[in-house]
Amino acid sequence: MMDIRFVTRRIHAYLDYPVAFGLIGLPFLLGLGASNPLALWLSVATGVAAFVLTVLTDHETGIIRVVPYSLHVAVDFLVGLVFVAAPFLFGFSGLDAWFYWLSGGAVLTVIALSRPLSEAREPVSA
């Protein structure tokens, strides 16, 4: 049976910066916050945190490389869960809700399609 988990650590690393910048910029471009101002700022804060996490992660695009990749993936998974739950927890509706459901679903899909962490244990050489 063919393994559909094609997202390698390298692919994940190259997705991290655009995702972080998207989480920071898209809420402003889309005008999020109509149902609750938190809908705007949750994404922005998460994007800033994602950028910092990416800079610190031991993977191909990490700059300081002190955070293990496995911890990075665990944080991504938690963000995906929080984003899917956010509309229910904070009363987001309309575009605010759809942004979080789609973003959270995208994060969880990437995690589900990722190669096992056992294939990504070796530290990245500088």
Side-chain angles (χ1 to χ4, degrees):
M1 180 175 235
M2 188 174 104
D3 189 355
I4 64 166
R5 295 176 296 175
F6 64 90
V7 178
T8 63
R9 182 169 76 174
R10 179 180 301 277
I11 291 170
H12 187 125
Y14 285 106
L15 289 172
D16 279 340
Y17 288 106
V19 167
F21 292 128
L23 289 172
I24 295 166
L26 279 174
F28 295 103
L29 292 173
L30 296 173
L32 296 187
S35 65
N36 182 335
L38 185 59
L40 172 74
W41 297 108
L42 177 61
S43 180
V44 173
T46 303
V48 170
F51 176 80
V52 171
L53 181 62
T54 299
V55 166
L56 297 175
T57 297
D58 183 22
H59 66 13
E60 285 75 2
T61 63
I63 297 170
I64 299 175
R65 298 183 180 173
V66 294
V67 174
Y69 177 67
S70 58
L71 178 58
H72 178 115
V73 172
V75 169
D76 284 352
F77 179 72
L78 289 174
V79 166
L81 293 178
V82 168
F83 272 26
V84 169
F88 303 106
L89 296 173
F90 304 118
F92 299 167
S93 61
L95 182 60
D96 292 348
W98 282 105
F99 175 82
Y100 283 92
W101 287 327
L102 292 173
S103 298
V107 169
L108 295 174
T109 299
V110 168
I111 299 300
L113 294 175
S114 293
R115 295 239 175 232
L117 291 176
S118 61
E119 295 180 18
R121 285 197 181 152
E122 295 301 315
V124 176
S125 57

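Just so it is clear, the structure is predicted and the values come from calculations on it, not from any experiment.
For the side chain to side chain donor-acceptor pair (under 3.5 Å) condition, no pair includes a residue of residues 37-47, sequence neighbours left out. Counting only residues at least two apart or on different chains, the side chain to side chain donor-acceptor pair (under 3.5 Å) pairs with a member in residues 82-101 are Ser35-Asp96.
For Arg5 against Pro116, the heavy-atom pair with the smallest separation is NH1-CG, 3.5 Å. The shortest heavy-atom contact between Gly22 and Pro27 is O-CD, 3.7 Å.
No continuous path of hydrophobic side-chain contacts links Ile11 to Tyr14 [ILVMFWY only; heavy atoms under 4.5 Å]. Taking hydrophobic clusters as Ile, Leu, Val, Met, Phe, Trp and Tyr residues chained together by side-chain heavy-atom distances below 4.5 Å, Leu15 shares a cluster with Ile4. When hydrophobic clusters are built by joining Ile, Leu, Val, Met, Phe, Trp and Tyr residues whose side-chain heavy atoms come closer than 4.5 Å, directly or via intermediates, Leu102 is not grouped with Leu29. Both Phe77 and Tyr69 are part of a single hydrophobic cluster, where members link through side-chain heavy atoms under 4.5 Å apart. In the hydrophobic cluster analysis, where Ile, Leu, Val, Met, Phe, Trp and Tyr join through side-chain heavy atoms closer than 4.5 angstrom, Leu32 is grouped apart from Val107.
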Throw together a table of side-chain donor-acceptor distances under 3.5 angstrom for residues 78-86, partners on residues two or more places apart or in other chains.
none

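Take Leu38 and apply the side chain to side chain contact (heavy atoms under 4.5 Å, CB included) test, not counting sequence neighbours, and it matches Asn36, Leu42, Phe90, Phe92. In terms of the side chain to side chain donor-acceptor pair (under 3.5 Å) criterion, residue partners of Asp16 (sequence neighbours excluded) are, by chain and number, His12, His59, His72. Here Tyr17 pairs with Phe51 under the ring-ring contact (aromatic ring centres under 6.0 Å, His included) rule; sequence neighbours left out.
Atom CG of residue Asp76 and atom CG of residue Leu71 lie 9.5 Å apart, to the nearest 0.5 angstrom. In this structure, CD1 in Ile63 is found 10.5 Å from OG1 in Thr57, a value given to the nearest 0.5 Å. Taking CZ of Arg65 as the reference point, atom CG of Leu56 lies at 12.0 Å (rounded to 0.5 Å).
Between Val44 and Leu23, every side-chain heavy-atom pair lies at or beyond the 4.5 Å cut-off. For the pair Arg9 and Arg115, the minimum side-chain heavy-atom distance is 4.5 Å or more. The shortest side-chain heavy-atom distance between Asp58 and Val67 does not fall under the 4.5 Å cut-off.
For Leu89, the CG atom counts as densely surrounded, since its 6.0 Å shell holds more than 12 non-hydrogen atoms of other residues, nucleotides or ligands.
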